[in-house]
Structures are given as C-alpha cells and as structure tokens.
Amino acid sequence: MSDRELYRAALDATGKAYAPYSGFRVGAALLTADGAVYTGVNVENSSYGASICAERTAFVKAVSEGCREFVKIAVASSAGSALPCGICRQFMFEFSESLTVITGDDEDHLEAYSLSELLLKGFRLNI
C-alpha cells in the first residue's frame with residue numbers, strides 16, 4: 001500500500017473521531033506486515049485522562065485481532081499535519097521501533113519519519 005493510500009485512509013477516518021471538547025479530529029491508518037490496515041480515531045472523554053489518541057486506537061484494534069508486526073502508520077487531522085504525541089510514540093515503540101510514521105497537510109505533501117527518529121530513546125522492559 002502506498003503512503004498516499006494509507007494517508008487517505010487516515011484522513012477518511014477523521015470523520016469518525018469523537019472530539020467534542022477540542023474539535024481536533026485525528027485519524028490513523030496502521031499497515032501490518034501481512035498487508036492488513038487498521039484505522040483508529042481519537043476519542044475524547046469528560047475525564048481528559050480517559051481519552052485515547054487515534055494511533056493507539058489503531059494499534060489496540062490490530063493487537064486485539066492478533067497482529068504484532070507493523071510496517072507504517074499514517075496520521076491525519078482536521079487541521080492538517082499531525083505527529084503522534086509522546087505517549088503514542090512510546091506505545092508504538094513497544095511493537096515496532098522501525099515503524100514509519102507518515103503525515104502531511106494533504107496527500108500531495110506527505111512527510112515520512114522513522115519512529116526511532118521521533119522517539120530517540122524509546123525503551124522496552126526486558127522480561
């Protein structure tokens with residue numbers, strides 16, 4: 001799947017976001033190693049700490065279906081380019097430190113980053 005197609009899926013997902021407090025709608029589209037795509041949106045809550053970002057929603061959906069190998073994730077927002085927050089960066093690192101993160105103002109102006117570039121010293125527990 002091309003970066004543009006993945007970004008388009010993330011952008012399409014923004015319409016399903018639940019963002020009554022911030023109005024900042026975010027969509028994510030996660031590509032697994034076997035070619036499946038899982039989308040996610042941000043879901044806000046009156047108890048702000050109970051909110052969840054689009055990236056983690058996509059990962060949780062994929063992991064709950066048994067996926068553990070990921071290639072890239074596209075993130076789009078109602079305001080254009082959006083990079084994952086620190087919590088999402090660490091959460092995604094748990095599964096794929098070499099993940100590619102794609103974002104941009106639109107599908108003609110995309111940028112790609114490695115997760116390791118965005119999270120310089122991510123960690124995993126040695127268990």
Side-chain angles (χ1 to χ4, degrees):
M1 173 173 272
S2 74
D3 291 358
R4 288 175 73 128
E5 291 171 318
L6 197 63
Y7 179 82
R8 200 172 304 121
L11 189 60
D12 288 347
T14 62
K16 297 176 184 165
Y18 180 74
Y21 307 106
S22 72
F24 187 64
R25 303 168 75 80
V26 181
L30 176 63
L31 179 65
T32 67
D34 65 1
V37 175
Y38 290 87
T39 59
V41 298
N42 59 318
V43 179
E44 295 178 350
N45 189 276
S46 296
S47 173
Y48 291 116
S51 298
I52 187 168
C53 299
E55 300 90 328
R56 283 182 285 146
T57 299
F59 263 85
V60 168
K61 286 171 66 175
V63 170
S64 71
E65 296 297 322
C67 297
R68 299 288 189 277
E69 295 181 26
F70 307 101
V71 178
K72 57 188 171 180
I73 188 167
V75 184
S77 82
S78 56
S81 183
L83 287 169
C85 72
I87 292 172
C88 286
R89 293 175 192 195
Q90 178 58 47
F91 188 94
M92 294 186 298
F93 191 89
E94 179 81 14
F95 297 97
S96 179
E97 62 189 76
S98 63
L99 186 75
T100 298
V101 178
I102 300 153
T103 190
D105 288 329
D106 57 53
E107 65 183 72
D108 293 323
H109 299 93
L110 297 179
E111 297 179 347
Y113 304 90
S114 70
L115 182 57
S116 295
E117 176 184 11
L118 296 176
L119 182 67
L120 296 178
K121 300 220 180 221
F123 67 93
R124 285 195 193 100
L125 297 179
N126 292 323
I127 53 173

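For the numbers below, each heavy atom of this structure counts, side chains included, while hydrogens, waters and symmetry mates do not.
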Engineer: Are Phe91 and Leu30 co-members of a hydrophobic cluster defined by side-chain heavy atoms under 4.5 Å apart?
Structural biologist: yes
Engineer: For residues 54-61, please give each side-chain donor-acceptor pair under 3.5 Å, one per line with the distance, not counting sequence neighbours.
Structural biologist:
unit_1: Thr57; atom_1: OG1; unit_2: Val41; atom_2: O; d: 3.0
unit_1: Thr57; atom_1: OG1; unit_2: Cys53; atom_2: O; d: 3.0
unit_1: Lys61; atom_1: NZ; unit_2: Thr39; atom_2: O; d: 2.8

Engineer: Sequence neighbours left out, what passes side-chain hydrogen bond (donor to acceptor under 3.5 Å, both in side chains) with Glu5? Give chain and number order.
Structural biologist: Ser2
Engineer: Side-chain heavy atoms under 4.5 angstrom apart, residues restricted to Ile, Leu, Val, Met, Phe, Trp, Tyr: same cluster for Ile52 and Val75?
Structural biologist: no
Engineer: Is Phe93 reachable from Val101 through a run of I, L, V, M, F, W or Y residues, each pair having side-chain heavy atoms under 4.5 Å apart?
Structural biologist: yes
Engineer: Looking at residues at least two apart in the chain, or sitting in another chain, which of them share a salt bridge (Lys or Arg N to Asp or Glu O under 4.0 Å) with Arg89?
Structural biologist: none
Engineer: Looking at residues at least two apart in the chain, or sitting in another chain, which of them share a side-chain hydrogen bond (donor to acceptor under 3.5 Å, both in side chains) with Ser64?
Structural biologist: none
Engineer: State, to 0.1 Å, how close Lys72 and Leu6 come at their nearest heavy-atom pair, and which atoms those are.
Structural biologist: CG-CD2, 3.5 Å
Engineer: My understanding is that only residues two or more places apart in sequence, or in another chain, count here; which of them pass side-chain contact (heavy atoms from CB on, under 4.5 Å) with Glu111?
Structural biologist: Tyr113
Engineer: Name all residues meeting the side-chain contact (heavy atoms from CB on, under 4.5 Å) criterion together with Leu110; count only those two or more places apart in sequence or in a different chain, and write none if there are none.
Structural biologist: Asp3, Arg4, Tyr7, Ile102
Engineer: Output all residues satisfying side-chain hydrogen bond (donor to acceptor under 3.5 Å, both in side chains) with Thr32, sequence neighbours left out; order by chain, then residue number.
Structural biologist: Asp34
Engineer: For Ser47, enumerate each residue passing the side-chain contact (heavy atoms from CB on, under 4.5 Å) test, keeping only those at least two apart in sequence or located in another chain.
Structural biologist: Asn45, Ala50
Engineer: Other than Tyr38, what residues sit in its cluster of Ile, Leu, Val, Met, Phe, Trp and Tyr side chains whose heavy atoms are under 4.5 Å apart, directly or through others?
Structural biologist: none
Engineer: Ser98: which residues meet the side-chain contact (heavy atoms from CB on, under 4.5 Å) condition with it, sequence neighbours left out?
Structural biologist: Ser96
Engineer: Just to verify, what does Arg68 make a salt bridge (Lys or Arg N to Asp or Glu O under 4.0 Å) with, not counting sequence neighbours?
Structural biologist: none
Engineer: Indicate if Leu115 and Val71 have the same hydrophobic cluster label, given that clusters are the connected sets of ILVMFWY residues with side-chain heavy-atom separations under 4.5 angstrom.
Structural biologist: no
Engineer: Ser22: what forms a side-chain hydrogen bond (donor to acceptor under 3.5 Å, both in side chains) with it, not counting sequence neighbours?
Structural biologist: Glu44
Engineer: If the plane angle is over 60° it's perpendicular, under 30° parallel, otherwise tilted; pick one for Tyr18 and Tyr21.
Structural biologist: perpendicular
Engineer: Does CD1 belonging to Ile87 count more than 12 external heavy atoms closer than 6.0 Å?
Structural biologist: no
